[in-house]
S.K.: 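Quick one: the structure is below, and I'll ask about it shortly.
The chain is numbered in sequence order, starting from 1. Quick note: numbers below take in every heavy atom, side chains included, and nothing from hydrogens, waters or symmetry partners.
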Amino acid sequence: MTDLVTWAELGGSLAAIGGATYARHAHPAAYWSTVGLPVSVARLLASYTSTMDACGLTVEPPRWRALAVKATTRREVRPVPPRRGMIRPTSTGLRLRLRLAPGQEPADVAASAERLRHAWGVHAVYVRDVKPGVVELRLVGFDVLRKVRMPRQTDAGPLRVPVALREDATAFVRDYRAVPHELVLGATLSGKSMFLRNLLAGLAAQPVALVGIDCKRGVELAPFAPRLSALATDPDQAAELLPVLVKEMEDRYDLIKARQGIAPGTPDELITSDVWGLPEDERPTPIVLFVDEVAELFLVATRKEEERRDEMVTQLIRLAQLGRAAGIYLEVCGQRFGAELGKGATMLRAQLTGRVCHRVNDEASAKMALGDIAPEAVLASCAIAAELPGLAVVGDTSGGWSRIRTPHLSLADAAATCRETAHLAPDVPALAPFRPYAPPVPVKESSALATPLPITE
């Protein structure tokens, strides 16, 4: 009987271990909430002081404290770690704040992030500077980019779209007011189109004019035609659309200039240098221009096409240089982007503050996108595997970068969102000739055999 009980207990233990192992790989969020979170908290509380000491993050205590310890307990005075705040569990990890000791800086804690990760048994540790003397540790319990689940609460707003998930489990928000223009690169099946869909679907519900240039005969942007204010599907149409956008930008500058030419004595808050300082009833509608496969605008075969190319590139550069103050923003996408595209390529790239690099086919494209940000970002983008579509490295010209992954959004769902929000497309008279035709959605006939009688009182 005892042997039977022992074998039953052993079988139950093996089953529990096998179930936990399966849950850890198949359902990492559930595993973290039930097993990983309590284990990591226990490790952190039990080894906090020793771990900080091993990482070199402890300092000598103040003289008064050392004298008090010697006088009261006669114990050896040991270095003290940074003062730890309350541990706050999340659905993906832990967060806690540390008050640094005098002489320490956030870079000291960031340099020990990998050691802290191994000591506390978590997937990653990220350090954020909160205020002078205080840093926040964000512990991520599992690989959140393997199966993307966007946070329930995101910092959305006008011209702010949560479009992907960062590796530290926070949302990557595309903010056009902060980063007006962006370059998005990615090879075939890298997830670039998915990034574009999420961005379009997020902007569709906002009072923004969406303009597209898709030289692949519109196969990428045509499904969103009900919400687009203008669409060019080949280089000839793009050559006609870009001058109209430049003229619209110039008219908006005239509007701003007229507002600046007000009478003396007017309050300073009524003087503006961009459209966002204008009164709401006078402010023109923001315009977001999506350029898919930008290389098609650079490629030429004849001298006549070369002249047209130079004009289009010049207009794109003008929009990138001057469009922000006029409320015109650029989202330039492509599979390949390099100096060999021709005159104006590097100049255009210099005006695109935001950079998103999915998996690319050559290192030169990664360097073109991220080389002027950080060499580590280039290496990270070149290491993206083909089995992880939607994974990308994002950065800006300030030097910061991180890995993100876009959640899956089918083309049908994105197109349905654009159809439902078609009535929100603003009226921009200059773009009316380029408004794409959107066929009406057929109404499904009822399959009921009998017509129900109307309800009466």
S.K.: Does a side-chain N-to-carboxylate-O contact under 4.0 Å join E114 and R117?
M.R.: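 Yes, this pair counts.
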S.K.: When you compare the side chain of L116 with that of C55, does any pair of heavy atoms fall below 4.5 Å?
M.R.: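 Side-chain contact under 4.5 Å: yes.
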S.K.: From I213 CD1 over to L231 CG, what is the distance, rounded to the nearest 0.5 angstrom?
M.R.: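 Nearest 0.5 Å value for the CD1-CG distance: 9.0 Å.
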S.K.: L210 vs V208, test: side-chain contact (heavy atoms from CB on, under 4.5 Å). Steps then yes/no.
M.R.: CA-CA 6 Å; L210 304 179; V208 180; 4.1 Å; yes
S.K.: If I take atom CD from residue Q321 and atom CG from residue L316, how far apart are they, to the nearest 0.5 angstrom?
M.R.: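 It is 11.5 Å, given to the nearest 0.5 Å.
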S.K.: Is the closest basic N to carboxylate O distance between R336 and D362 below 4.0 Å?
M.R.: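 The answer is yes: the pair qualifies as a salt bridge.
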S.K.: Would you say Q351 and L319 make side-chain contact, with heavy atoms under 4.5 Å?
M.R.: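 Of all side-chain heavy-atom pairs linking L319 with Q351, none is under 4.5 Å.
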S.K.: Answer yes or no: is there an ion pair linking K192 with E293, defined by an N-O contact shorter than 4.0 Å?
M.R.: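 Salt bridge present between K192 and E293.
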S.K.: Are the side chain of S112 and the backbone of R115 linked by a donor-acceptor contact shorter than 3.5 Å?
M.R.: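 No; zero donor-acceptor contacts below 3.5 Å.
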S.K.: Determine whether L203 and V288 make a side-chain contact, defined as any pair of heavy atoms from C-beta on separated by less than 4.5 Å.
M.R.: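 A side-chain contact exists here, since the closest heavy-atom pair is under 4.5 Å.
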S.K.: Does any non-hydrogen side-chain atom of L165 lie less than 4.5 Å from one of R405?
M.R.: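 Answer no - side chains too far apart.
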S.K.: Under a 4.0 Å threshold between the charged nitrogen and the carboxylate oxygen, would E387 count as salt-bridged to R359?
M.R.: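 Between E387 and R359 there is no salt bridge, as every charged N stays at least 4.0 Å from the carboxylate O atoms.
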S.K.: Side-chain contact, heavy-atom cut-off 4.5 Å: V291 with L297?
M.R.: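 They are in contact (side-chain heavy atoms under 4.5 Å apart), so the answer is yes.
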S.K.: Mark yes or no for whether R349, through its side chain, and M368, through its backbone, hold a donor-acceptor pair below 3.5 Å.
M.R.: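 Looks like yes, one N/O pair under 3.5 Å.
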S.K.: Side-chain polar contacts of residues 96-107 - donor-acceptor pairs under 3.5 angstrom, sequence neighbours left out - could you list them?
M.R.:
| residue | atom | partner | partner atom | Å |
| --- | --- | --- | --- | --- |
| Q104 | OE1 | A101 | N | 3.0 |
| Q104 | NE2 | L57 | O | 2.7 |

S.K.: Under 3.5 Å, is there a donor-acceptor pair linking the side chains of D53 and T58?
M.R.: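 Note: D53 and T58 side chains meet the donor-acceptor criterion.
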S.K.: For the CZ atom on R88, are there more than 12 heavy atoms of other groups (residues, nucleotides or ligands in this structure) within a distance under 6.0 Å?
M.R.: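 Buried by this count: over 12 neighbours within 6.0 Å.
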S.K.: side-chain contact (heavy atoms from CB on, under 4.5 Å) for R177 and W276? Distances and angles first, verdict last.
M.R.: CA-CA 10 Å; R177 297 286 300 274; W276 299 105; 3.6 Å; yes
S.K.: Output yes when a side-chain donor or acceptor of H181 lies under 3.5 Å from a complementary backbone atom of L330, and no otherwise.
M.R.: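 Between the backbone of L330 and the side chain of H181 there is a qualifying donor-acceptor contact (under 3.5 Å).
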S.K.: So that I can tick it off, tell me whether R174 and E331 are bridged by a salt bridge, with the cut-off set at under 4.0 angstrom between side-chain N and carboxylate O.
M.R.: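 Looking at E331 and R174, the cut-off is met.
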S.K.: Ring-plane angle category for Y176 and Y329, please: parallel below 30°, perpendicular beyond 60°, tilted otherwise.
M.R.: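 Ring orientation, 0 to 90° scale: tilted.
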S.K.: Just so I know, are the side chains of V394 and W401 near enough to count as touching, which here means a heavy-atom distance under 4.5 Å?
M.R.: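 Result no, sub-4.5 Å side-chain heavy-atom pair not found.
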S.K.: Is there a donor-acceptor contact under 3.5 Å linking the side chains of S402 and E167?
M.R.: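 Not at all, the side chains of S402 and E167 share no donor-acceptor pair under 3.5 Å.
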S.K.: I want to check something: taking the side chain as every heavy atom from C-beta on, are S40 and W32 in contact at a cut-off of under 4.5 Å?
M.R.: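 Yes, close enough: below the 4.5 Å cut-off.
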